[in-house]
Amino acid sequence: MPGTNGSAPSGTQVTFLEAIKQAMFEEMERDPAVILMGEDVGVYGGAFKTSEGILERFGWERVIDTPISESAMIGAACGMSYLGLRPIVEMQFIDFIVCAFNQITNFVAKGHYLWNAPAPMVVRGPSGGGVHGGPFHSANPEMYFVHTPGLKVIYPSTPYDAKGLLKAAVRDNNPVLFFEHKFLYRRIKGELPAGDYTVPIGKAVVRRQGKHLTIISYAAMTHTSLEAGEALAKEGIEAEVVDLRTLLPLDEETILNSVKKTNKCLVVHEDTKTGGIAGEIAAILCEKAFGDLDGPLMRVTSLDTPVPYAPTLEEYFLPNAKKIFSAAKELARY
Amino acid sequence: MPGTNGSAPSGTQVTFLEAIKQAMFEEMERDPAVILMGEDVGVYGGAFKTSEGILERFGWERVIDTPISESAMIGAACGMSYLGLRPIVEMQFIDFIVCAFNQITNFVAKGHYLWNAPAPMVVRGPSGGGVHGGPFHSANPEMYFVHTPGLKVIYPSTPYDAKGLLKAAVRDNNPVLFFEHKFLYRRIKGELPAGDYTVPIGKAVVRRQGKHLTIISYAAMTHTSLEAGEALAKEGIEAEVVDLRTLLPLDEETILNSVKKTNKCLVVHEDTKTGGIAGEIAAILCEKAFGDLDGPLMRVTSLDTPVPYAPTLEEYFLPNAKKIFSAAKELARY
Amino acid sequence: MKKELTRQQYLDLYYYMRLNRAVEEMMVKLFRQNKIVGGLYSSLGQEAISVGTAYALEKKDWLAPMIRNIGALLVKGVRPRDVFMQHMAKYDSPTKGKDGTSHFGDLDNLHIVSPISMLGDLIPVMTGVAMAGRYLGQRIVAMTWIGDGGSSTGVFHEGLNFAAVQKAPFVLILENNLWAYSTPVRKQVPLENLADRAKAYGIESYIVDGNNVLAMYSTAKEAVEQARAGEGPILIEAKTFRRMGHAQHDPAEYVPKEMRAYWEARDPIALYEKFLTGENLLDAKGRKEIEEKINTLLAKERDFAENSPLPPPEFAETGVYCTGDDCHKIRAKWERPIAEVTPPRSSVEAVWTVPGFGSGKGSGGAHAPIHFGDTQPAETKPAEAGKSAVQAPAKAAAKKTVKAVPASASRKARR
Amino acid sequence: MKKELTRQQYLDLYYYMRLNRAVEEMMVKLFRQNKIVGGLYSSLGQEAISVGTAYALEKKDWLAPMIRNIGALLVKGVRPRDVFMQHMAKYDSPTKGKDGTSHFGDLDNLHIVSPISMLGDLIPVMTGVAMAGRYLGQRIVAMTWIGDGGSSTGVFHEGLNFAAVQKAPFVLILENNLWAYSTPVRKQVPLENLADRAKAYGIESYIVDGNNVLAMYSTAKEAVEQARAGEGPILIEAKTFRRMGHAQHDPAEYVPKEMRAYWEARDPIALYEKFLTGENLLDAKGRKEIEEKINTLLAKERDFAENSPLPPPEFAETGVYCTGDDCHKIRAKWERPIAEVTPPRSSVEAVWTVPGFGSGKGSGGAHAPIHFGDTQPAETKPAEAGKSAVQAPAKAAAKKTVKAVPASASRKARR
Ligand SMILES: Cc1ncc(C[n+]2csc(CCOP(=O)(O)OP(=O)(O)O)c2C)c(N)n1
Ligand SMILES: Cc1ncc(C[n+]2csc(CCOP(=O)(O)OP(=O)(O)O)c2C)c(N)n1
Ligand SMILES: [Mg+2]
Ligand SMILES: [Mg+2]
């Protein structure tokens with residue numbers, strides 16, 4: 001836990017969660033139009049303590065503990081944004097975002113297109129599995145929103161990106177959904193620069209250089225893919241690992257560049273298989289890099305089931321480094 | 001309009017809408033566990049008159065005019081299904097299904113997997129564009145549900161299929177979403193057999209034989225694709241047209257058989273592009289028919305925008321036979 | 001409301017009701033000529049509600065219309081041509097043809113938020129508008145409308161409850177026109193007075209004759225000023241009747257003839273004309289002048305609308321995203337010192353104070369404000385939720401719908 | 001409730017409260033031993049509510065628990081081992097490890113519906129259960145619970161409104177434990193009595209001391225029989241307090257110490273013991289016996305649970321879909337003649353009858369039933385929605401929160 005202003009001295013390793021807290025602190029200091037709203041975000045500091053100390057610093061007007069009313073929060077944030085505020089709305093778990101699905105996909109997403117009303121707001125919350133949260137506290141709902149024009153969708157994998165992308169999201173004039181993989185909250189640390197910085201929305205990044213195949217992933221699975229990449233390297237297979245970071249808009253350029261270089265593509269996502277983003281990437285590759293593919297596009301994803309509760313089941317349900325390793329090895333043989 | 005029992009004498013051409021009405025009539029006669037619920041479905045007979053005469057025949061207990069409460073309808077139907085009823089719930093427009101998104105994706109879809117509770121219920125309603133319904137009365141929300149394990153998703157293109165699939169949906173032990181493209185309601189006619197029949201869920205059908213390329217589509221776009229197929233034939237290009245009919249579970253076999261035969265694939269859907277079902281099909285082809293593709297997979301879809309209101313804009317937004325024709329011609333050149 | 005209106009105000013109300021009706025009559029003609037894209041909704045017989053309530057707002061206030069509130073838009077300053085062009089999907093319309101009907105807004109000048117079709121969704125949105133206005137020190141009020149049917153939606157509940165908790169300066173008009181499409185109100189809401197919905201949120205409510213424009217105006221005026229004064233949101237039930245079908249295509253045969261006849265005899269414009277004549281505020285000549293003014297205006301507006309082109313097809317591709325400052329410069333309009341809400345000025349103790357019980361999270365009896373730290377005093381009427389539990393049985397007896405626990409059981413509880 | 005309970009019933013209530021607490025105490029131990037997967041919720045101090053209300057149900061009735069209703073499950077017949085195994089994600093648990101906590105059901109025998117985490121969703125679902133039971137002639141009642149926080153969800157509103165319109169035999173217990181996670185009730189609901197939520201639906205409600213098991217039981221019993229008799233849904237507010245944090249991880253420092261102390265002094269089991277002792281229904285020996293019975297039972301149940309394996313990994317792949325008759329034979333249990341609901345018996349005229357106004361859709365004054373044609377008489381208390389509009393101002397004066405329209409305005413309305 002850093003000083004009251006939320007930023008750590010440079011050179012310190014901070015957690016993913018801390019990076020998010022810093023982004024909120026700094027954006028709220030920078031711009032009084034930024035406010036925070038959600039269940040238990042104030043006095044309690046958020047279910048995961050992501051907003052600890054923010055009420056103390058910014059007061060009751062800017063940190064709003066809401067009733068259990070996801071549609072009301074999202075709707076109110078949208079209304080606030082029309083007067084020039086830039087609300088951040090926390091879903092206590094991202095699973096509950098579906099309780100405001102109509103507000104988000106119809107009101108928030110369509111306003112700029114239909115009547116020229118930008119809605120600068122961020123909806124963020126803890127997502128993803130691997131911590132035995134069970135079927136209603138482990139959601140990866142990204143594709144519902146990737147399929148909704150008018151939204152931007154971010155799903156970072158490192159503290160640096162989390163902070164820089166959350167800041168960019170707050171400053172963006174469009175509604176941005178920001179998913180925070182809760183498995184990373186306290187497990188992943190990184191060094192943050194001292195000053196203000198943002199990470200551009202819509203840009204993927206190559207996390208590992210390679211030449212034999214491309215593994216495309218995001219969020220927690222980036223780390224799992226990198227782990228598989230190390231194991232593959234020991235067998236002489238150099239996998240290039242692309243971290244998408246933003247899912248909408250998708251960075252086609254980085255994807256295409258990497259696949260044109262390696263000529264093989266494996267997509268890894270924690271989201272369930274059917275209708276996951278691997279499909280969209282497959283379509284893009286088929287359309288724009290058809291001649292460059294030397295092997296089938298492959299997918300390593302979660303099963304097409306709800307997220308089961310028991311550790312044995314959840315482990316089987318989720319992708320892991322071993323599954324990625326096997327798939328990559330098979331793909332490399334082409 | 002047929003006799004009071006809802007079925008037409010055999011040999012008569014009936015509309016798509018009439019086919020749906022017949023399916024509901026016949027299923028309600030066959031099984032007293034089948035009931036109908038929705039806004040204005042009773043006295044008014046439904047906003048599109050799909051249930052005209054059903055209240056007269058089956059009475060107030062089985063035909064329930066509800067308040068404007070989509071979550072209540074879906075939730076109540078789910079509860080009813082636990083006691084062995086088989087409710088059919090009408091969304092006045094399918095656009096409003098997002099108002100019950102949490103109930104459908106979390107309560108209805110997950111029950112069988114999690115606690116062994118089947119929820120035999122059907123959610124149906126008018127969907128799709130082309131009739132200048134504007135951004136909130138033209139939705140194609142299928143992918144939200146194709147991406148939700150536990151649901152089945154049907155989107156028919158002919159009166160015969162509409163009737164047979166709706167009957168199959170009512171008899172299925174799983175929750176089924178049944179989308180009725182409103183453009184087809186009164187424009188498309190077909191002959192129905194005299195007796196009871198069902199069409200199996202999960203089976204696609206080849207609507208047109210061809211050898212140069214496969215066009216995969218469903219719902220209204222099946223007709224548009226067939227129209228393009230005729231034009232292509234005049235230029236010597238024989239397109240095979242596959243009508244998916246069911247989107248979840250997807251009939252991989254029919255898709256793969258056709259593409260292995262023609263070696264080229266164009267997917268056409270009215271749904272918006274990014275995250276549409278073309279991606280899922282691309283991924284399946286990449287995984288399972290990689291060596292069989294002689295050209296890039298191509299997509300003809302709606303734009304990645306909300307559905308605009310003005311006829312000029314909507315026409316530009318939607319796929320049409322000309323766009324399909326051009327894409328197919330380009331693809332055929334490979 | 002105590003003070004009488006000025007002559008001009010009386011006549012304004014009349015003018016806008018007439019304008020509202022004339023605009024809609026003209027659209028029916030355009031509809032029959034196939035010049036309207038999509039459906040056409042009517043507020044025939046409900047004009048007093050749209051006009052009376054919107055007339056109670058100041059220029060800086062915000063509103064968001066539903067499908068039957070063309071009148072409110074006209075009062076707020078929307079030109080008839082814009083209404084026509086919206087319905088005709090013209091390129092010069094506020095949405096440039098991307099959406100239709102009353103689905104358009106104006107953030108910068110008129111302070112209008114566009115609705116979407118999903119009923120109820122405007123309620124939390126306008127709550128947010130109201131909260132943002134308060135935060136910025138603007139002293140504005142937000143207003144929107146909802147139907148008897150729309151009051152059954154979940155978002156109605158979430159929005160109004162949140163507004164109540166936040167004491168947002170928000171006024172909600174519930175137009176109880178007895179029908180929601182084909183569904184009669186008592187299949188929608190098991191209440192005689194829909195104003196009772198307010199009781200679930202502990203907020204003020206009014207019941208008004210929706211066909212009486214003066215009653216609508218004066219009640220709305222009172223509510224708007226109450227809301228502006230910080231007394232929290234207010235629900236106004238306007239009793240009225242939907243004279244046409246749900247939309248043009250609907251003959252509304254499900255409505256009993258006697259019911260329609262009853263309400264047709266209570267036409268709000270006719271009633272108001274009688275009043276104006278009786279008070280010598282309007283005579284045949286004045287009426288004629290207003291009619292001519294409206295006719296001339298609308299002919300011009302319609303011509304403009306008809307001459308506007310449909311949007312060019314490629315326009316469909318544009319505008320999904322705001323592209324940044326070149327597209328929209330987003331600036332909050334502060335009407336209070338920003339320093340009030342920026343650190344270190346606004347540092348507070350993060351504790352809950354529960355009346356009668358001190359406060360939580362360590363710091364003991366500190367009196368941290370529960371509501372809005374800097375702009376609003378802490379709530380003074382203690383909820384005493386904890387204490388009420390033991391007294392509940394006794395208190396309950398006073399409530400109409402709340403039955404007291406049998407005395408024997410509750411006595412046992414207290415030994 | 002007039003009649004006193006039998007000795008056995010008095011002792012049953014005691015037994016189940018003790019069992020409820022002991023089961024949860026054992027789970028706290030298991031949690032500390034890291035044998036619980038995921039979070040652990042507590043109903044410490046709220047046992048009287050779960051036990052008292054569920055004890056009012058018959059075997060054929062249905063219930064659906066929330067996270068703090070383990071007690072209700074035990075009363076309905078769930079074995080403690082099942083509760084343990086659910087929390088430990090064991091393969092022999094009701095969900096075989098696919099879900100945890102109280103998230104399990106039993107359609108065939110115990111008539112329990114599983115909750116999901118999203119608050120409020122059970123309300124329409126149990127409304128549907130109640131409606132289906134009525135349709136099948138089963139004369140059942142459906143019951144579920146909701147928190148003070150959960151009452152802010154949209155689905156609470158939609159579900160209860162629909163239940164009210166349908167007069168569904170449904171009883172909803174609102175456990176007002178003054179906190180929703182860290183949020184105090186008055187930031188959640190601007191009401192002193194949450195029972196007032198019922199006023200938005202015109203349904204009966206009760207306020208009960210939630211720490212008094214006899215009050216809970218007798219009130220629930222009355223409500224259940226009212227609902228069974230066709231009087232419609234009922235809301236019961238139980239005033240209580242959440243003694244532990246939201247879940248095990250939460251020390252709940254946000255709760256004022258004095259508040260906790262106040263409620264700890266009102267422990268429902270201690271209060272009931274005093275009563276039983278005073279009435280000579282329980283002495284030290286009887287108490288000892290019950291304790292031993294529970295200890296012996298729970299030791300066995302825990303051992304069983306601990307010895308159950310985790311589910312095999314591949315089990316994760318199975319069961320997304322019901323595969324048909326081999327998987328589930330779905331049969332509605334009719335307890336009325338099916339002929340009543342099958343053609344041509346149930347042919348009706350599709351018209352709305354509006355009291356005072358005849359009926360719509362052609363057929364004139366026909367008295368088509370509005371509610372349930374064949375099984376329920378038409379509503380006799382006319383809503384008179386149409387007529388009330390003109391009388392509204394006068395009527396309004398009688399309501400507490402509804403202000404009358406100023407007399408002058410309403411007079412104008414009636415000329
Ligand atoms: C959430 C939702 N469900 C369904 C509809 C379809 N719909 C449009 S208007 C309407 C009836 C509205 O009735 P009411 O709220 O009383 O308003 P009125 O038309 O009487 O002004 C319905 C059901 C909708 N717009 N939104
Ligand atoms: C729709 C929804 N939003 C948020 C949550 C997260 N959540 C779980 S329990 C809880 C507090 C519940 O409070 P209350 O309803 O009063 O029940 P209690 O815990 O006091 O028994 C919250 C916010 C949820 N489960 N569902
Ligand atoms: Mg209405
Ligand atoms: Mg609570």
Side-chain angles (χ1 to χ4, degrees), chain A residues 4-5 28-29 31-33 35 42-45 53-64 66-87 99 102-103 106-107 109-120 149-150 152 172-174 249, chain C residues 94-95 98-99 103-105 107 113-114 116 118 121 123-133 135-136 138 142 154-155 158-159 161-162 165-166 319-324 327-328 330-334 338 341-344 346-352 360-361 369-375:
Chain A
T4 41
N5 73 343
M28 289 179 78
E29 286 200 35
D31 184 354
I35 66 119
V43 169
Y44 195 66
I54 292 196
L55 172 61
E56 286 89 328
R57 183 58 173 261
F58 297 99
W60 298 93
E61 278 189 282
R62 297 183 63 186
V63 184
I64 301 171
T66 67
I68 303 175
S69 304
E70 282 77 12
S71 281
M73 280 177 234
I74 300 288
C78 183
M80 289 173 175
S81 78
Y82 292 158
L83 270 77
L85 301 192
R86 293 180 173 273
C99 298
N102 173 41
Q103 285 278 348
N106 279 313
F107 220 117
K110 294 179 179 170
H112 191 266
Y113 182 77
L114 295 177
W115 63 284
N116 198 30
K152 297 190 176 181
D172 200 284
N173 280 359
N174 297 283
Chain C
T95 63
K98 282 184 176 166
D99 203 348
H103 288 193
F104 64 99
L107 296 179
V113 170
S114 172
I116 65 173
M118 288 68 189
D121 276 350
I123 295 171
V125 171
M126 295 310 281
T127 297
V129 166
M131 289 170 67
Y135 175 60
L136 295 168
Q138 297 177 350
V155 73
E158 292 199 1
N161 185 61
F162 188 42
V165 168
Q166 287 289 330
V320 175
Y321 293 96
C322 176
T323 52
C327 182
H328 285 92
I330 296 175
R331 298 278 176 275
K333 294 199 190 82
W334 291 91
I338 292 185
V341 300
T342 42
S346 58
S347 295
V348 300
E349 274 192 283
V351 293
W352 293 121
K361 200 161 178 176
I370 292 282
H371 189 243
F372 277 103
D374 297 314
T375 56

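First the proteins, then the strands, lettered A, B, ... as listed; each starts at 1. Please read these numbers as outputs of a predicted model, since none were measured by experiment.
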Checklist entry - What pair of heavy atoms forms the shortest contact from A/His112 to C/Gly319, and how long is it? => result ND1-O, 2.8 Å
Checklist outcome for this item: A/Arg62 and C/Tyr135 have their tightest heavy-atom pair at CD-OH, 3.1 Å
All N/O donor-acceptor pairs, side-chain side in residues 80-87 of chain A, below 3.5 Å, sequence neighbours left out:
unit_1	atom_1	unit_2	atom_2	d
A/Ser81	OG	A/Cys78	O	2.7
A/Arg86	NH1	A/Val170	O	3.1
A/Arg86	NH1	A/Arg171	O	3.3
A/Arg86	NH1	A/Asp172	O	2.9
A/Arg86	NH2	A/Asn173	OD1	2.8

Checklist entry - If you tally heavy-atom pairs under 4.5 Å against chain A, which of C/Cys327, C/Cys322, C/Gly154 wins? => result C/Cys322
Checklist entry - Using a cut-off of under 4.5 Å for heavy-atom pairs, which of C/Gly159, C/Ala332, C/Ala132, C/Ser114 has the most such pairs with chain A? => result C/Ser114
Checklist entry - Does any heavy atom of chain C fall under 4.5 Å from the side chain of A/Ile74, the backbone, both, or neither of them? => result neither
Checklist entry - What option among A/Ser71, A/Ala33, A/Ala119 has the most heavy-atom pairs under 4.5 Å with chain C? => result A/Ser71
Next on the checklist: With chain A as the partner, which of C/Val320, C/Val113, C/Thr323, C/Thr127 has the greatest number of non-hydrogen pairs under 4.5 Å?
Outcome noted: C/Val320
Next on the checklist: Please classify the contact of C/Asn161 with chain A as side chain, backbone, both or neither, using a heavy-atom distance under 4.5 Å.
Outcome noted: side chain
Next on the checklist: Please classify the contact between A/Ala77 and chain C as side chain, backbone, both or neither, with a heavy-atom cut-off of under 4.5 Å.
Outcome noted: neither
Checklist entry - Does the pair C/Met118 and A/Phe107 meet the rule for a side chain to side chain contact (heavy atoms under 4.5 Å, CB included), with working shown? => result CA-CA 9 Å; C/Met118 288 68 189; A/Phe107 220 117; over 6 Å; no
Checklist outcome for this item: Here the pair of heavy atoms bringing A/Gly79 nearest to C/Val129 is O-CG2, 3.5 Å
Checklist entry - Based on non-hydrogen pairs under 4.5 Å, which of C/Asp99, C/Ile116, C/Val155 is most in contact with chain A? => result C/Ile116
Checklist entry - If you count heavy-atom pairs under 4.5 Å with chain A, which of C/Tyr321, C/Phe162, C/Trp334 comes out on top? => result C/Tyr321
Next on the checklist: Going by side chain to side chain donor-acceptor pair (under 3.5 Å), name the residues that satisfy it together with A/Thr66, two or more places apart in sequence or in a different chain.
Outcome noted: none
Next on the checklist: Let's go through A/Asn102 and C/Asp121 carefully: what are the C-alpha distance in whole Å and the side-chain angles of both, what is the deciding distance for side-chain hydrogen bond (donor to acceptor under 3.5 Å, both in side chains) to 0.1 Å, and is it a yes or a no?
Outcome noted: CA-CA 9 Å; A/Asn102 173 41; C/Asp121 276 350; 2.6 Å; yes
Next on the checklist: Do A/Pro120 and C/His328 have side chains that approach each other closer than 4.5 Å (heavy atoms only, starting at C-beta)?
Outcome noted: no
